[in-house]
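Single-structure report; data block below.
In what follows, chains carry the letters A, B, and so on, assigned in the order in which the sequence lines appear, proteins first and then strands, with residues in each chain numbered from 1. Note that the coordinates shown come from a computational prediction; the quantities given were computed from them, not determined experimentally.
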Amino acid sequence: METKNKHFNRYTVTSALPYANGPIHIGHLAGVYVPADIYVRYLRSNNKDVVFIGGSDEHGVPITIKARQQGISPQEVVDKYHAIIKDSFEKFGISFDVYSRTSDPIHHETASEFFKKLYDDGAFIEKTSQQYYDEEANHFLADRYITGTCPHCNNDRAYGDQCESCGTSLSPLDLINARSALSGNVPVLRDTKHWYLPLNDYEPWLREWILEGHKDDWKSNVYGQCKSWIDQGLQARAVTRDLEWGVKVPVDGADGKVLYVWFDAPIGYISATKEWSEKTGNDWKPYWKNEDSKLVHFIGKDNIVFHCIIFPAMLHAEGSYILPENVPANEFLNLESDKISTSRNWAVWLHEYLEEFPGKEDVLRYVLTANAPETKDNDFTWKDFQARNNNELLAVYGNFVNRTLVLTHKYFDGVVPALANLNENDIEALRLMDAFPAKIGESIELYRFREALSELMNLARLGNKYLTENEPWKVFKTDPERVKTVLAVSLQIVAKLTVLSEPFVPFSAAKLTQMIGLKKLNWIDAVATELLPAGSVIGTPELLFERIEDVDVEKQVQKLLDTKKANLEASEPVLKPQKETVSYEDFAKMDIRTGTIISAEIVPKTKKLLKLTIDTGIDTRTVVSGIAEHYAPEAITGQKVCMLVNLAPRELRGIVSNGMILMAENSEGKLCFVSPTEAFHNGCEVK
RNA sequence: UGCGGGGUGGAGCAGAGGUAGCUCGUUGGGCUCAUAACCCAAAGGUCAGAGGUUCGAAUCCUCUCCCCGCUACCA
């Protein structure tokens with residue numbers, strides 16, 4: 001275990017930079033920010049020197065596309081989302097020491113310097129290749145910005161990376177009559193030089209550092225992914241792009257080139273630390289350069305390769321930086337059994353949650369931690385959200401606190417009794433209680449936040465059990481002195497719970513600290529048995545959590561269903577533009593006939609392919625069709641169809657397909673058959 | 001298709017060689033300080049399936065099936 005053999009004097013904790021083309025949703029929170037925040041709050045509570053880094057990732061092609069779609073500048077796009085993201089993190093209590101952004105000058109400077117250092121050291125390979133250039137737009141064209149005629153099927157709307165008509169993957173140079181999608185002009189070929197990081201050179205080093213060095217302390221999903229990448233053989237990766245939006249390549253003759261996003265984004269962690277340093281007067285260097293600093297990256301599983309292989313290789317190549325000690329990547333969170341999707345608006349947005357559930361930040365933090373996708377993808381449902389609030393957070397934690405405080409007020413006017421005259425029960429309860437700081441801390445240090453939270457709840461359960469077994473409400477009638485002891489013990493449990501719950505539910509912990517008049521204590525103090533001094537007075541008990549009713553969650557479910565519906569409706573206007581005019585002769589070449597599916601079966605080992613046997617009237621033939629995700633084979637036997645019968649045969653998965661079934665596709669990608677509305681016989685011409 | 005992760009009582013998860021454990025839910029009981037909350041007890045599992053290694057396997061090996069991500073494939 002990393003922490004066992006090595007002592008660290010400071011911690012640098014980063015959380016994946018959210019991409020500034022949309023707001024934050026629960027998937028981001030559960031995967032990255034909530035666990036990172038718990039970890040950091042725990043460290044701070046242990047008086048550790050820690051800097052918690054966050055920021056928006058604001059470069060890259062998708063942002064330029066979004067800007068063009070909306071007719072605004074890329075800067076306007078990122079300004080908008082950066083503001084929303086930053087604000088919602090703050091309100092939600094993600095306790096960044098700095099929340100920066102990659103469009104900030106300090107980042108451009110840092111990333112440039114980083115590149116320059118590697119460049120000067122000869123760490124890059126330079127390669128010149130030919131790429132299409134749009135002379136009117138003054139732009140090199142990314143693959144998908146080039147259209148032309150496919151050399152295989154003559155489809156004249158193929159893209160530079162792929163022909164969507166015949167599926168062949170292409171390179172831009174394969175296209176016949178290539179055109180720029182920006183201007184429609186004929187692009188010219190120009191030489192363009194790019195720099196590559198030869199990852200293959202670092203393979204032996206990576207092998208040793210990860211496969212041997214972190215065999216036991218990295219999560220299995222992270223380790224497995226790295227191993228598979230390394231074993232497959234690493235290749236040089238381009239670190240620059242022909243694009244306007246981004247960090248300019250700081251080398252002569254590199255006009256119109258920027259650092260590729262995955263190169264510049266992780267450097268953003270360093271820039272952000274510098275920004276923090278400028279603001280606070282702390283030196284940033286020890287956090288990134290001293291061997292006694294522990295660097296931890298919190299990320300989602302989609303980012304494993306960048307943070308475990310590429311960024312470390314960059315840091316290693318640069319030479320003066322430390323490497324991540326751990327990269328606790330989480331899996332994904334689904335929402336109501338469906339993949340969370342920004343573009344489909346299938347998400348619970350943080351900024352909306354904060355408005356619709358005011359004062360319930362901790363409820364979401366609790367639910368996302370209790371159900372965190374630590375070892376596999378998990379599902380968030382509103383019903384589960386409600387149940388965890390009502391049956392766990394409120395019933396176990398909130399209720400224990402409340403009954404203890406109410407009893408103290410009822411019998412002793414809120415004065416904390418002395419921890420005296422302990423019997424065996426009391427001693428046992430206190431003994432169990434005192435084991436919690438170490439137990440919970442251990443789980444947190446192993447990045448097992450679900451387990452840590454469950455232990456925290458066990459402390460509240462211990463309290464509930466203790467109260468019930470010692471029934472002060474009964475004993476008071478005969479022995480009020482004994483009740484003093486019972487409540488003294490219970491109050492110490494409340495106090496300990498308050499301190500230990502701070503990383504998980506900081507808002508409630510703060511409220512509770514104030515309510516019971518606890519002085520600001522940290523994790524180390526919490527090891528002591530008596531946290532709340534005898535004789536101090538606790539305030540009037542207020543409820544920490546309230547019940548969430550059926551209507552509240554039904555409203556949210558309805559909102560999601562509405563979203564789904566709205567998506568379907570809204571998607572209609574986004575129709576593809578009409579294609580180029582064709583002559584009747586061209587159309588007449590196509591022989592489209594009515595037919596009937598006689599039988600269908602799934603092509604083994606494929607997801608989408610069905611092997612269909614079709615009666616075309618002319619003959620009976622085999623067609624392979626990519627509709628398996630939409631139709632079960634048994635459901636479509638007997639289905640009337642229209643099909644293109646004179647399409648050139650093609651082999652798919654070893655089966656020759658003779659023709660193509662006509663399907664209509666909506667903007668969600670859903671398919672439906674196009675078939676005669678009356679009982680026409682097979683083989684009728686469609687024209 | 002390749003690679004990675006995962007499949008454990010109704011739901012959500014833990015366990016990683018010695019005959020399954022936690023939370024929620026369910027049922028019965030107790031309590032009445034507490035937000036119909038709390039406490040006790042019970043029911044509920046051939047640990048995806050089939051082979052194998054072992055005195056012994058949920059745990060190791062082989063094969064198969066299913067889910068997720070990246071990838072391929074939607075004529």
Side-chain angles (χ1 to χ4, degrees), chain A residues 152-153 155 163-169 219-229 231-232 300-302 304-305 329 331-332 334 339 370-379 381 383-384 387-392 394-411 448 450-451 453-455 457-458 460-461 463-476 483 486-487 490 541-547 603-610 623-630 643-644 647-653 656-661 663 665 669 671:
Chain A
H152 300 273
C153 69
N155 163 37
C163 169
E164 297 199 339
S165 173
C166 73
T168 317
S169 72
K219 291 173 67 170
S220 59
N221 57 341
V222 176
Y223 184 87
Q225 189 86 7
C226 291
K227 184 166 169 14
S228 121
W229 268 73
D231 286 347
Q232 275 173 38
K301 68 173 163 187
D302 49 339
I304 290 173
V305 171
E331 304 282 307
F332 287 157
N334 293 323
K339 199 174 144 183
N371 190 27
E374 285 178 7
T375 50
K376 60 164 196 202
D377 291 358
N378 278 158
D379 196 24
T381 66
K383 209 180 143 223
D384 181 63
R388 286 195 188 271
N389 177 76
N390 293 355
N391 305 334
E392 295 178 28
L394 184 154
V396 178
Y397 183 121
N399 185 43
F400 167 62
V401 170
N402 188 238
R403 56 200 300 221
T404 304
L405 300 193
V406 166
L407 285 168
T408 308
H409 265 274
K410 185 168 178 179
Y411 297 134
R448 299 158 84 142
R450 227 171 27 196
E451 183 181 273
L453 182 61
S454 139
E455 278 303 331
M457 295 305 281
N458 283 340
R461 287 189 182 96
N464 275 320
K465 188 170 172 178
Y466 176 80
L467 268 185
T468 303
E469 282 172 356
N470 291 282
E471 33 193 24
W473 48 89
K474 220 180 232 176
V475 177
F476 191 77
V483 173
V486 172
L487 286 183
S490 304
E542 280 170 49
L543 298 181
L544 288 176
F545 309 103
E546 44 184 34
R547 274 186 77 76
V603 179
K605 313 239 178 200
T606 66
K607 233 193 242 177
K608 298 184 177 176
L609 299 182
L610 284 187
V623 169
V624 178
S625 183
I627 57 174
E629 285 184 317
H630 301 87
M643 70 174 283
L644 182 60
L647 184 69
R650 184 180 156 110
E651 194 174 305
L652 274 173
R653 295 272 141 192
V656 178
S657 179
N658 295 291
M660 174 166 123
I661 307 286
M663 306 292 294
E665 181 178 13
L671 300 179

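Between C39(B), A37(B), G69(B), one nucleotide has an atom nearer to the side chain of Lys301(A) than all others, and that is G69(B). When each of U35(B), A14(B), G5(B) is scored by its nearest atom to the side-chain atoms of Ser220(A), the top-ranked nucleotide is G5(B). Set against G69(B), A37(B), G5(B), the side chain of Asn399(A) has A37(B) as its closest nucleotide. With distances taken from any side-chain atom of Thr375(A) to the nucleotides A14(B), G6(B), G69(B), the minimum falls on A14(B). Counting only heavy atoms from C-beta on, Arg448(A) has its side chain closest to A14(B) among G5(B), A14(B), A37(B).
Among residues two or more places apart in sequence or in another chain, the salt bridge (Lys or Arg N to Asp or Glu O under 4.0 Å) test is passed with Lys227(A) by Asp231(A). With sequence neighbours left out, the side chain to side chain donor-acceptor pair (under 3.5 Å) criterion links Asn371(A) to no other residue. With sequence neighbours excluded, the residues forming a ring-ring contact (aromatic ring centres under 6.0 Å, His included) with Phe476(A) are Tyr411(A), listed by chain and number.
Nucleotides A72(B) and C65(B) have their P atoms positioned 22 Å apart, rounded to a whole Å. For G49(B) and C67(B), the C1' atoms lie 15 Å apart once the distance is rounded to whole Å. Spacing of P atoms, G25(B) relative to U19(B), comes out at 30 Å, to the nearest Å. As rounded to the nearest Å, C40(B) and G56(B) have P atoms that lie 40 Å from one another.
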Please evaluate residues Glu331(A) and Lys301(A) with respect to the criterion salt bridge (charged side-chain N to carboxylate O under 4.0 Å, His left out), reporting the C-alpha separation (whole Å), side-chain torsions for both, the decisive distance (0.1 Å), and the verdict. CA-CA 5 Å; Glu331(A) 304 282 307; Lys301(A) 68 173 163 187; 3.0 Å; yes

Footprint string (nucleotides 20-33 of chain B, 5' to 3'): B base within contact, S backbone only, - free, heavy atoms under 4.0 Å: ---SSS-----SSB

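Note on Ile661(A): nothing from the nucleic acid sits closer than 4.0 angstrom, heavy atoms only. The residue Lys339(A) sits close only to the backbone: its heavy atoms come under 4.0 Å of sugar-phosphate atoms, none of a base. In this structure, Phe400(A) reaches neither bases nor backbone, as no heavy-atom distance under 4.0 Å exists between it and the strands shown.
Each side-chain hydrogen bond (donor to acceptor under 3.5 Å, both in side chains) pair with one or both residues in residues 394-407 of chain A, not counting sequence neighbours, appears once here: Tyr397(A)-Ser501(A), Arg403(A)-Asn464(A).
Helical stems in RNA chain B, defined as runs of 3 or more consecutive Watson-Crick or G-U wobble pairs with donor-acceptor distances under 3.5 Å: B:2-7 with B:65-70, B:10-13 with B:21-24, B:26-30 with B:38-42, B:48-52 with B:60-64.
In this structure, the side chain of Lys219(A) engages the main chain of Glu374(A) through a donor-acceptor pair within 3.5 Å.
The shortest non-hydrogen separation linking Ala329(A) to Asn221(A) is O-ND2, 3.3 Å.
OP1 or OP2 of C40(B) lies within a sub-4.0 Å distance of a side-chain N or O belonging to Lys465(A).
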